[in-house]
Structures are given as C-alpha cells and as structure tokens.
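Contents: one structure, followed by commentary.
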Amino acid sequence: MRDLTIPDQRHPEKAHRPDQDQPKKPSWIRVKAPTSQGYKDTRDLLRENKLVTVCEEAGCPNVGECWSQGHATMMIMGDICTRGCSFCNIATGKPNALDAFEPGRVAHAVQKLGLNHVVITSVDRDDLEDGGAEHFAQTIRAIRHRAPSTTIEILTPDFLKCGPEAVEKVVEARPDVFNHNLETVPGLYPTVRPGARYFHSLRLLQRVKELDPGMFTKSGIMVGLGEDAQSVRQVMDDMRAADVDFLTIGQYLQPTPKHHRVDRFVTPEEFGAYEKAAYGKGFLMVSATPLTRSSYHAGDDFARLRVARMEKLGRA
C-alpha cells in the first residue's frame with residue numbers, strides 16, 4: 001500500500017529528480033496556521049462525508065481563511081491523478097474506481113455547510129473514456145437537487161484524450177461557472193505541464209462558450225515559474241480571443257524540493273499591473289494577487305461577475 005503522506009510515494013515520478021532550492025518567502029506571501037473553530041468544523045464535516053478537497057491535497061495557503069468561513073473546494077474522482085505536472089502536489093499514479101455515491105455525499109455536504117456558492121474540481125482521469133465528464137454532470141445535478149439555491153462553479157481537467165462529447169456533457173449539466181486553468185504560459189508547458197497542450201486547453205474554453213454563450217468561463221495562471229511579462233500578456237490576449245470572462249493570476253509556491261523551482265516571487269505591484277492590463281483587455285473580472293487561487297473568494301467574485309456582466313450589457 002502506498003503511503004501518500006511520504007513525498008517519494010506521493011510523487012514517484014519526481015523521486016529521481018535533484019532537489020530544487022526553495023527561496024525564503026517574502027512577507028507578503030506568508031499566512032498564519034489555521035486554528036479557528038470554523039476551520040475545525042469544516043474539516044470534521046468533510047471527514048465525516050469522506051470527501052477530498054483540493055485545499056488540502058494541493059497545499060493551498062488560504063485553507064485556514066476559507067475553511068474558517070465554511071468554504072471548501074471539493075475534489076471529486078479520488079485523490080490520485082493520472083498526470084505528473086511539475087508544479088502540482090496532488091499524488092500521481094493509478095486511481096481507484098469511481099465512487100458512484102460520491103455525488104450524493106458532495107451534495108449533502110454542500111447543503112450541510114449552507115453554501116451560497118460551491119467550487120467542484122477533480123484530478124485528471126485519463127484512465128476513463130470520458131475523462132470523468134459524466135461524474136461531473138452527476139455531481140452538478142445532485143447539488144441542484146439538494147441545494148437548489150447554491151450556485152455551482154466547476155474547475156475541470158482538459159479532457160485531452162476524450163471526444164468532444166465529454167465537454168458537451170458537462171456543459172449540458174449547466175454549471176454557473178466553467179473554469180479550466182491554463183496554469184502557465186505556452187513556452188513553459190514542456191516542463192511545467194508536460195501532459196497537457198496549451199491550445200487544446202484554450203480551445204476547450206472557447207468550446208464552452210460556443211455551446212452556451214451565457215455560461216461564465218474562467219481560467220487562471222501562476223507566475224513566478226520563469227515566464228516574462230510579455231508572455232503573460234499574450235496569454236491574456238489568447239483568453240480574451242476565447243471569450244474568457246474571469247482571469248485569476250497567483251504566485252506559484254513550490255510544494256516540495258522535488259517540484260519545479262520558484263524562479264522568483266512576483267511583487268504585489270507587478271500583480272497590480274497585471275490586473276490593470278487584464279481589465280484593459282476586456283475581462284469582466286480579474287483577481288491578481290500573490291495569494292490568488294482559482295477558488296479563493298469564489299462566491300464573492302461570482303456575485304461581482306454577474307454585476308459586471310449586467311453593467312456591460314447595460315452599456316451595450
């Protein structure tokens with residue numbers, strides 16, 4: 001049995017790599033350890049329902065803040081990914097079979113937490129014919145049934161090895177926000193996201209809008225991996241060409257010495273410049289800060305996103 005708490009067993013594909021230096025974090029990137037009662041209550045509810053969260057699996061720095069408010073990003077289809085991206089802390093290997101009861105447990109937890117907005121993500125499941133698309137759809141439908149007033153945001157894999165019907169199946173289930181992260185600039189894909197294809201991911205986002213022009217789309221990248229400002233602005237242009245509504249940009253943090261090294265810590269002022277540039281290119285919503293993550297403040301941001309669209313339509 002693998003012990004996923006041991007780094008070499010969690011990431012066997014990285015065990016042979018030399019350790020990468022981990023630079024000291026600047027003051028603007030440090031967060032306090034979670035201790036609140038709200039954090040503990042959320043943790044206990046998730047354990048009780050045997051649910052996995054990307055908050056823990058990916059080592060998100062905002063877990064204390066989000067869980068203390070009863071917010072958590074549910075990760076479906078297990079805790080083992082079929083990909084081995086160099087930035088990601090989720091375990092790599094052969095996943096277990098899908099749990100048919102998981103959509104119901106997720107919906108129960110959403111109802112119990114009283115969430116106004118929920119984010120559902122997953123590992124990559126290249127072992128499944130549809131990449132897990134039907135499981136996403138079932139989870140969306142289960143939440144709609146148990147918590148009809150909750151808005152649903154999904155953060156999906158790229159469905160790279162599936163037919164076009166996979167993304168169609170997910171869109172037909174009508175999530176409120178369809179998020180798929182590009183993660184980094186195209187020039188870094190061979191080392192950062194080797195199992196993915198930049199233009200496939202971009203096309204996926206474009207296809208969602210073709211299938212349902214009213215659905216909000218969202219994507220994000222990390223910075224501090226070795227990209228330059230010009231390549232980040234080109235990604236913004238590519239996203240806008242695909243009609244992406246919402247952009248997130250956050251600082252890459254190195255999970256272990258075996259992961260991709262942090263090239264540098266991007267300053268808050270640089271993040272501010274990226275945000276200003278993105279709004280200038282026409283995004284309805286932009287979150288660009290060192291601690292920004294895909295689902296950070298997702299509920300509040302979704303409310304602002306709807307307002308921004310109404311204002312834009314009012315100006316048209």
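Below, all heavy atoms of this structure are taken into account, side chains as well, without hydrogens, waters or symmetry copies.
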I'd like to know if [X] pairs up with [Y] as an ion pair, taking the criterion as any Lys NZ or Arg NE/NH1/NH2 lying under 4.0 Å from an Asp or Glu carboxylate oxygen.
X	Y	answer
Asp126	Arg83	yes
Arg240	Asp238	no
Lys169	Glu172	no
Arg105	Asp99	yes

Are [Y] and [X] connected in a single hydrophobic cluster, I mean Ile/Leu/Val/Met/Phe/Trp/Tyr linked by side-chain heavy atoms less than 4.5 Å apart?
X	Y	value
Ile140	Met74	yes
Leu205	Val286	yes
Leu155	Leu115	no
Leu160	Val167	no

_One pair to check against side chain to side chain contact (heavy atoms under 4.5 Å, CB included): Asp124 and Asp158. What are the steps and the verdict?_
CA-CA 8 Å; Asp124 272 288; Asp158 59 13; 3.9 Å; yes
What I want to check is whether the side chains of [X] and [Y] have a donor and an acceptor closer together than 3.5 Å.
X	Y	value
Thr292	Ser287	yes
Arg193	Ser201	yes
Arg141	Gln138	no
Asn89	His11	yes

Any heavy-atom pair between the side chains of [Y] and [X] that's under 4.5 Å?
X	Y	answer
Phe216	Met285	no
Val235	Leu202	no
Pro23	Phe265	yes
Thr217	Val244	yes
Val170	Phe159	yes
Phe87	Gln254	no
Glu270	Val223	no
Val118	Leu113	no

Looking at [X] and [Y], what are the two nearest heavy atoms and their distance?
X	Y	answer
Glu168	Arg207	OE2-NH2, 3.4 Å
Lys25	Ile29	CB-CG2, 3.0 Å
Ala142	Ala107	O-CB, 3.4 Å
Phe136	Thr121	CZ-C, 4.0 Å
Met77	Arg125	O-NH1, 2.9 Å
Asp130	Ala166	O-CB, 3.7 Å

With distance as the sole test, does [X] use its side chain to make a donor-acceptor pair with the main-chain N or O of [Y] at under 3.5 Å?
X	Y	value
Arg144	Thr150	yes
Ser219	Leu182	yes
His259	Cys88	yes
His180	Thr156	yes
Lys218	Phe246	no
Gln251	Val266	yes
Asn181	Glu183	no
Ser86	His260	no
Arg197	Pro194	yes
Tyr274	Val232	no

*asked:* Checking Leu247 against Met236 for the side chain to side chain contact (heavy atoms under 4.5 Å, CB included) test, could you report, in this order, the C-alpha distance in whole Å, the side-chain angles of both residues, the deciding distance, and whether it holds?
replied: CA-CA 8 Å; Leu247 168 67; Met236 293 181 192; 4.0 Å; yes
Approximate separation, where rounding is to 0.5 Å, of [X] [atom1] and [Y] [atom2]:
X	Y	atom1	atom2	value
Asp21	Arg261	CG	CZ	7.5 Å
Asp243	Phe283	CG	CZ	10.0 Å
Asp245	Met239	CG	CE	12.0 Å
Phe199	Tyr189	CZ	OH	9.5 Å
Arg174	Ile154	CZ	CD1	12.0 Å
Thr289	Trp28	OG1	CH2	12.5 Å

*Asn96: partners by side-chain hydrogen bond (donor to acceptor under 3.5 Å, both in side chains), with sequence neighbours left out*: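 Result, side-chain hydrogen bond (donor to acceptor under 3.5 Å, both in side chains) vs Asn96: none returned.
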*Could you tell me which residues satisfy side-chain hydrogen bond (donor to acceptor under 3.5 Å, both in side chains) with Ser122, sequence neighbours excluded, listed by chain and number?*
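Per chain and number, Ser122 pairs via side-chain hydrogen bond (donor to acceptor under 3.5 Å, both in side chains) with no residue.
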Enclosure of [X] [atom1] (heavy-atom neighbours >12, cutoff 6.0 Å):
X	atom1	answer
His145	NE2	no
Asp176	CG	yes
Glu129	CD	no
Lys276	NZ	no

_Lys94/Asp127 under side chain to side chain contact (heavy atoms under 4.5 Å, CB included): CA gap, chis, key distance, verdict_ = CA-CA 8 Å; Lys94 183 179 179 180; Asp127 58 313; over 6 Å; no
*Decide side-chain hydrogen bond (donor to acceptor under 3.5 Å, both in side chains) for Arg203 and Gln206; before the verdict, give the C-alpha distance in whole Å, the side-chain angles of both, and the deciding distance to 0.1 Å.*
CA-CA 5 Å; Arg203 174 62 183 145; Gln206 184 181 42; 2.9 Å; yes
*Carefully, step by step, assess Tyr198 and Thr184 under the rule side chain to side chain contact (heavy atoms under 4.5 Å, CB included).*
CA-CA 9 Å; Tyr198 177 79; Thr184 188; over 6 Å; no
*Give the ring-plane orientation class for His117 versus Phe302, where under 30° counts as parallel, over 60° as perpendicular and anything between as tilted.*
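Ring orientation, 0 to 90° scale: parallel.
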